[in-house]
Trainee: 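Have a look at the structure that comes next, please.
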Amino acid sequence: MALSLHAENGHNLWLRSKSTGSVKIICSKSSVTLNIAKQELKNSWQGKSGATIELLVKSDPLIKGDGFKINSGKIQANTELGILYGVYELLRHQQTGQSINNEVSNPSYERRILDHWDNLNGTIERGYAGLSIFWHNEKDSFTVTEKDKILWQEYARANASIGINGAVLNNVNASPQMLSSECLKKVKAIADVLRPFGIRTYLSVNFASPAVLGGLKTSDPLDVEVIKWWETKVKEIYSLIPDFGGFLVKANSEGQPGPQDFGRTHADGANMMADALKPFGGIVMWRAFVYSQKEKDRAMQAYSEFMPLDGKFRNNVIIQVKNGPVDFQPREPFSPLFGAMKKTSVMPELQITQEYLGQSIHMVFLATMWEEFLQSDTYQEGIGSTVARCTDGSIFQQKYTAIAGVANIGLDTNWCGHPFAQANWYAFGRLTWNDRLKSEQIADEWLKLTFKPTAQENKTETTVLPIEWNHNFLIPVKQMMLESREAAVNYMMPLGLHHIFAGNNHYGPGPWYAPKGLRPDWTPPYYHQADTNGIGFDRTQTGSNAVSQYREPLNSKFNDVKTCPEIYLLWFHHLPWNYQMKRGRSLWAEMCYHYENGLKQVREFQKVWDKVQPYVDPERFNLVQNKLRKQCINAQEWKDGCLLYFQQFSGLPIPYDIERPVNDLNDLENRNFSKE
Ligand code: GCU
């Protein structure tokens with residue numbers, strides 16, 4: 001078979017298809033958003049040539065918010081944006097070969113937001129795909145070029161195609177300058193480009209802005225001048241951006257200022273901002289990512305600090321909680337705050353950028369991790385109180401529902417660095433729209449949209465039959481994606497291990513990393529607690545008692561080593577090296593096999609990829625091949641580093657049917673694991 005596929009640089013993401021025929025559109029209205037919808041239909045129509053499609057903006061009791069009703073001849077929605085979403089759904093069905101029945105599709109979350117950790121100087125905190133698409137550098141950060149606008153429009157279109165409707169434009173470690181009048185003018189320019197695609201603009205704000213930017217003596221949230229300052233600032237913002245979404249706030253966390261600096265609570269701080277935003281319909285997303293040196297267990301602090309405040313927040317405040325209690329690790333149990341705060345709105349925060357999952361080098365499909373999280377049962381309101389249902393309004397009557405993902409987007413031509421990292425942006429969007437979607441379906445759709453030879457290519461070159469493509473490309477590559485996260489857990493942190501990264505950059509292994517004088521909770525030994533007696537963090541009732549933050553039956557289940565799921569074993573228990581695992585091996589041996597298997601899995605991924613070469617254009621093929629090689633090297637470093645380091649405590653041999661380490665511990669300890 002000799003397909004000669006066009007080189008693709010990945011810039012078109014999952015939106016590569018061109019129309020194969022004409023379509024007649026009936027639509028009695030016209031607007032910027034509806035015009036985009038019509039244009040998309042014309043440009044990408046893959047249905048019967050000459051078919052008619054009606055776009056109808058008319059409310060229907062079955063349609064909620066920006067949802068839509070769709071069949072092969074008609075799209076109906078309450079709003080114009082709903083029509084646009086319906087169009088993308090119809091085109092996706094055509095391109096992925098799914099039939100269209102009469103269906104109603106409503107979004108799971110009302111606010112579906114990307115958080116950009118972009119700094120005004122153009123760098124991106126934890127960004128691995130180039131510089132910011134919004135900010136260039138301090139000097140000309142506020143200028144706007146035509147090139148910028150085209151890129152923002154492409155960005156907005158990609159987001160709209162998967163249901164994302166909000167963007168926080170700057171880092172949670174926010175510069176007070178963000179709220180300067182000069183900067184807000186640029187925010188307006190961005191908001192104007194995003195608006196027709198239904199994307200609302202939000203900003204991260206620095207709690208000390210009144211003092212630092214406004215020159216006030218204090219930023220105390222109960223001070224009259226401070227309250228006035230925020231009211232005036234909010235008015236200024238809405239005069240420029242009438243549909244402004246609201247603020248995201250990281251307060252009293254990792255050195256950021258906050259209400260506690262003035263003896264006030266998170267609720268005092270959040271409510272003051274919420275009151276200023278309320279007349280304009282704005283919201284406050286107040287982060288629960290807090291921890292301090294004083295707490296005996298970092299995993300417990302968010303719950304300890306926020307639970308006493310349940311019910312004390314205004315109804316336009318949403319507490320934004322990271323999926324796990326620590327920090328976006330390869331695997332964590334869900335944060336116990338989900339479902340527990342019953343009188344306060346809560347929204348999940350996911351991390352799309354792979355800070356702790358191989359950055360833009362490793363191929364790790366995150367949908368499986370998010371599915372595991374969203375479907376975790378909190379038991380808070382009986383069986384079936386999944387995190388998804390506790391946050392999407394199914395169980396609690398929240399005034400607003402929302403979900404956020406930390407973006408993995410930068411100026412790289414392919415947006416995300418790794419071609420497969422695009423799948424994580426795609427998966428996030430699809431899950432925000434439908435939090436019950438299965439990872440398998442998401443991977444299937446994304447692969448078809450991103451890699452299937454386009455109709456034009458298939459016409460002019462030797463034809464690839466769909467059945468052949470499915471069998472030789474889709475099935476093996478999908479399988480690889482679905483296994484990829486578990487592989488990463490295996491070669492990085494199996495059995496509930498967490499946060500054993502090399503310092504600061506969070507790419508390579510560093511279970512040994514503990515420079516003198518550094519806060520213990522910033523060093524891996526705090527988390528793995530390895531010594532000659534064993535390994536793991538004791539969070540049982542006789543340990544830190546973090547288990548008590550979970551509702552029964554989870555509290556007892558996690559507390560008892562016999563019932564604690566093995567995937568969370570060392571998260572909740574400190575166990576001897578010779579502890580007998582369910583499979584009959586010792587804990588030490590089991591750990592060794594996990595590391596070995598993780599590495600083997602990535603070696604297999606290389607074979608899968610090499611085999612699909614005939615079906616992928618050379619540009620994307622080579623890039624992925626090259627990244628998989630680097631991933632293997634790093635997986636080997638993880639395995640060798642962790643096994644050789646922990647072996648110093650276990651004193652046991654690495655089982656002899658396991659491949660021997662190829663790196664010396666000393667060399668690894670002295671390496672600076674910056675990416676690439
Ligand atoms: C992690 C990350 C930081 C980030 C922080 C946050 O700790 O490493 O870069 O600022 O999360 O979410 O606020």
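Predicted, not measured: the structure shown is a model, and the values here were computed from it. Every number for a ligand or one of its atoms is a count from 1 in the order of the listing. Along the sequence shown, the residues carry numbers beginning at 1.
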Trainee: What protein heavy atom is closest to atom 3 (C) of ligand 1, reported as residue, atom name and distance in Å?
Mentor: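 Atom 3 (C) of ligand 1 sits closest to the protein heavy atom E125 OE2, 3.3 Å.
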
Trainee: Polar contacts were defined as any N/O atom of the residue lying under 3.5 Å from an N/O atom of the ligand; does this apply to D327 and ligand 1?
Mentor: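 Yes, since at least one N or O of D327 sits under 3.5 Å from an N or O of ligand 1.
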
Trainee: What do you reckon, does K250 have a nitrogen or oxygen under 3.5 Å from a nitrogen or oxygen of ligand 1?
Mentor: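 Indeed, backbone or side chain, K250 has an N or O that close.
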
Trainee: In terms of ring plane angle, is the pair Y356 and F501 parallel, tilted or perpendicular, where the classes change at 30° and 60°?
Mentor: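 Because their plane-to-plane angle lies in the 30° to 60° range, the rings of Y356 and F501 count as tilted.
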
Trainee: Parallel, tilted or perpendicular: which fits the ring planes of Y568 and F558, with parallel below 30° and perpendicular above 60°?
Mentor: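 Aromatic pair Y568/F558 classed perpendicular.
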
Trainee: Please state whether the rings of F134 and H116 are parallel, tilted or perpendicular, taking 30° and 60° as the class boundaries.
Mentor: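 Perpendicular, since the angle between the ring planes exceeds 60°.
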
Trainee: A side-chain contact here means heavy atoms from C-beta on lying under 4.5 Å apart; do I283 and R111 qualify?
Mentor: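 Touching, per the 4.5 Å side-chain cut-off.
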
Trainee: Does the residue Q256 have a heavy-atom contact with ligand 1, meaning some pair of atoms that are separated by less than 4.0 Å?
Mentor: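 Outside the 4.0 Å threshold, so no.
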
Trainee: State, with a plain yes or no, whether a side-chain heavy atom of H528 is found less than 4.5 Å away from one of L570.
Mentor: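 Result no, sub-4.5 Å side-chain heavy-atom pair not found.
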
Trainee: What do you reckon, does H506 put a non-hydrogen atom under 4.0 Å from ligand 1?
Mentor: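 Yes, H506 has a heavy atom closer than 4.0 Å to ligand 1.
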
Trainee: Pull out every atom of ligand 1 sitting under 4.0 Å from any heavy atom of K322, numbered as shown with elements.
Mentor: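 By the 4.0 Å cutoff, the relevant atoms are 1 (C), 5 (C), 6 (C), 11 (O), 12 (O).
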
Trainee: Below 4.0 Å from ligand 1: does a non-hydrogen atom of W117 turn up there or not?
Mentor: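 Flag set, W117 near ligand 1.
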
Trainee: Evaluate the side-chain proximity of Q260 to H266: yes if any heavy-atom separation is below 4.5 Å, no if none is.
Mentor: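 Yes, side chains in contact.
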
Trainee: With atoms numbered from 1 as shown, which atoms in ligand 1 lie under 4.0 angstrom from a non-hydrogen atom of E254?
Mentor: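 Result: 4 (C), 5 (C), 7 (O), 10 (O), 13 (O).
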
Trainee: Quick test: of every protein heavy atom, which one is nearest to atom 2 (C) of ligand 1, and how far off is it to 0.1 Å?
Mentor: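 Looking at atom 2 (C) of ligand 1, the protein heavy atom closest to it is E355 OE2, 3.3 Å.
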
